[in-house]
Amino acid sequence: MKNIIFVGYMGSGKSTISQKLGKNLKKTVLDLDNIIAEKAGISINAIFETHGESYFRRLETEVLKEAMNRKGVIISCGGGIVLKDENLDIMKENGIIIWLKVSPETTFKRTRMSDDRPLLKNKSVEDIKKMMQAREEYYKKAAHFEMCADKKKIDDVIREIKQFLNLNDTVPKI
Ligand code: S3P
C-alpha cells in the first residue's frame with residue numbers, strides 16, 4: 001500500500017484525521033512536525049524564533065524524505081510542505097496526497113487559543129483568508145484528492161477518505 005499523506009492549511013485537522021485513520025486501518029502514523037521538533041530538541045516555535053523559517057523548511061524536507069522511505073504509513077504534514085516543488089516530487093513518488101480543507105473562520109476558531117503556530121501569531125480571520133488563498137494553488141497542485149472537512153463529523157470524513165482509497169467503507173467504532 002502506498003503512503004497516505006495529509007496536507008492542508010494549519011488547523012485543517014490533519015493530525016486528528018491521521019490518528020483516527022491510522023487506528024482504523026491499523027497503520028503507523030507519522031506526524032512530521034512532531035518528528036522535526038524531536039530531532040531539533042526544541043519546539044516548532046523555538047525553531048522559527050532561533051533559526052528562522054528557511055532552516056525549518058530544510059528540516060521539513062529532510063524529515064519528509066525519511067518518512068517517505070517507509071511504506072504503507074500515514075503521514076501528517078505541516079501546512080507549508082506544499083510550498084516546495086522538491087517536497088511535491090518526494091510525496092508523489094510513493095504517496096496518495098489528500099488535501100483537507102476548512103474555512104478561514106474555522107481555522108481561526110481552532111487555532112486562536114494555541115500559541116504553537118509561529119505563522120499564525122496575531123493573525124485575524126482576514127489574514128488567514130489571504131494566506132489560504134495564496135496557498136490554494138500549491139495544495140491543488142499537490143493533491144490527488146481534496147475534501148472539505150469543515151463542519152463534518154470525523155467518522156464521515158474517514159468514511160469519505162476510505163471510499164476514495166477504495167477501502168471498506170464501514171468505520172468500526174474505535
Ligand atoms: C506551517 C504549519 C505548521 C508547522 C509550521 C509551519 C505552515 O504545521 O509546520 O508552523 O507553514 O503552514 P500545522 O499545519 O500542523 O499547523
Side-chain angles (χ1 to χ4, degrees), residues 3-22 28-68 73-91 95-143 145-150 152 154 157-158 161:
N3 293 330
I4 302 167
I5 305 172
F6 285 98
V7 301
Y9 197 75
M10 292 167 270
S12 56
K14 293 163 293 186
S15 300
T16 310
I17 304 279
S18 295
Q19 289 300 338
K20 182 97 182 187
L21 188 67
T28 300
V29 178
L30 304 175
D31 188 306
L32 296 194
D33 276 354
N34 288 347
I35 299 173
I36 292 168
E38 258 169 42
K39 235 183 158 161
I42 50 176
S43 69
I44 301 292
N45 253 338
I47 298 174
F48 270 74
E49 263 166 35
T50 318
H51 303 286
E53 181 171 349
S54 56
Y55 177 79
F56 171 81
R57 297 294 173 205
R58 280 203 298 279
L59 283 185
E60 190 173 46
T61 300
E62 232 174 72
V63 164
L64 173 67
K65 276 184 192 159
E66 286 164 13
M68 289 301 292
V73 295
I74 296 173
I75 303 174
S76 174
C77 299
I81 198 105
V82 293
L83 300 175
K84 262 163 87 174
D85 277 345
E86 184 186 0
N87 294 347
L88 291 202
D89 294 343
I90 298 166
M91 291 192 288
I96 297 174
I97 306 169
I98 300 175
W99 172 20
L100 294 179
K101 303 199 281 189
V102 295
S103 67
E105 290 75 15
T106 299
T107 303
F108 180 74
K109 274 190 218 143
R110 285 185 186 174
T111 57
R112 73 183 154 176
M113 299 308 282
S114 67
D115 59 359
D116 57 358
R117 291 187 173 91
L119 298 180
L120 287 186
K121 241 173 227 162
N122 305 318
K123 293 287 188 286
S124 64
V125 177
E126 220 21 68
D127 296 328
I128 290 174
K129 196 174 182 173
K130 276 192 204 132
M131 192 172 168
M132 243 182 208
Q133 277 167 352
R135 283 188 174 185
E136 181 131 344
E137 57 174 308
Y138 294 93
Y139 291 123
K140 231 182 211 343
K141 196 170 150 195
F145 180 56
E146 51 181 88
M147 74 164 302
C148 181
D150 220 344
K152 269 187 194 157
I154 191 159
V157 173
I158 299 291
I161 291 170

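Indexing begins at 1, ligand by ligand and atom by atom, following the structure's order.
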Proximal atoms of ligand 1 relative to [X] (non-hydrogen, under 4.0 Å):
X	answer
D33	3 (C), 4 (C), 8 (O), 9 (O), 13 (P), 15 (O)
K14	13 (P), 14 (O), 15 (O)
G78	8 (O), 9 (O), 14 (O)

Name the closest protein heavy atom to [atom], giving the residue it belongs to and the distance to 0.1 Å.
atom	result
atom 12 (O) of ligand 1	R135 NH1, 2.6 Å
atom 16 (O) of ligand 1	R117 NE, 2.6 Å
atom 10 (O) of ligand 1	P118 CD, 3.6 Å
atom 7 (C) of ligand 1	G80 N, 3.3 Å

Name the residue from K65, R58, R57 that meets the side-chain contact (heavy atoms from CB on, under 4.5 Å) definition with T61.
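Result: among K65, R58, R57, K65 is the only option passing the side-chain contact (heavy atoms from CB on, under 4.5 Å) with T61.
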Pairing residues for Y138 by the ring pair (Phe, Tyr, Trp, His ring centres under 6.0 Å) criterion, not counting sequence neighbours:
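Counting only residues at least two positions away or on another chain, Y138 forms no ring pair (Phe, Tyr, Trp, His ring centres under 6.0 Å).
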Would one find an N or O of G79, backbone or side chain, under 3.5 Å from an N or O of ligand 1?
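Between G79 and ligand 1 (N or O atoms, distance only) the closest approach is under 3.5 Å.
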Is the closest basic N to carboxylate O distance between E62 and K39 below 4.0 Å?
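Yes.
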Residues, nucleotides or ligands: over 12 heavy atoms within 6.0 Å of K152 NZ:
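Yes, because the 6.0 Å sphere around NZ of K152 holds more than 12 heavy atoms from other groups.
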Using a 4.0 Å heavy-atom threshold (strictly under), name the region of L119 that reaches ligand 1: side chain, backbone, both or neither.
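The part of L119 near ligand 1 is the side chain, not the backbone.
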Between the candidates E60, E53, R57, which shows the shortest non-hydrogen contact distance to atom 6 (C) of ligand 1?
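Ranked by closest heavy atom to atom 6 (C) of ligand 1, first place is R57.
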Apply side chain to side chain contact (heavy atoms under 4.5 Å, CB included) to D150 and list each qualifying residue two or more places apart in sequence or on a separate chain.
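Once residues adjacent in sequence are excluded, the partners of D150 under the side chain to side chain contact (heavy atoms under 4.5 Å, CB included) criterion are V102, S103, T106, C148.
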Pair S43-N45, side-chain donor/acceptor within less than 3.5 Å
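Side-chain D/A pair, S43 to N45: absent.
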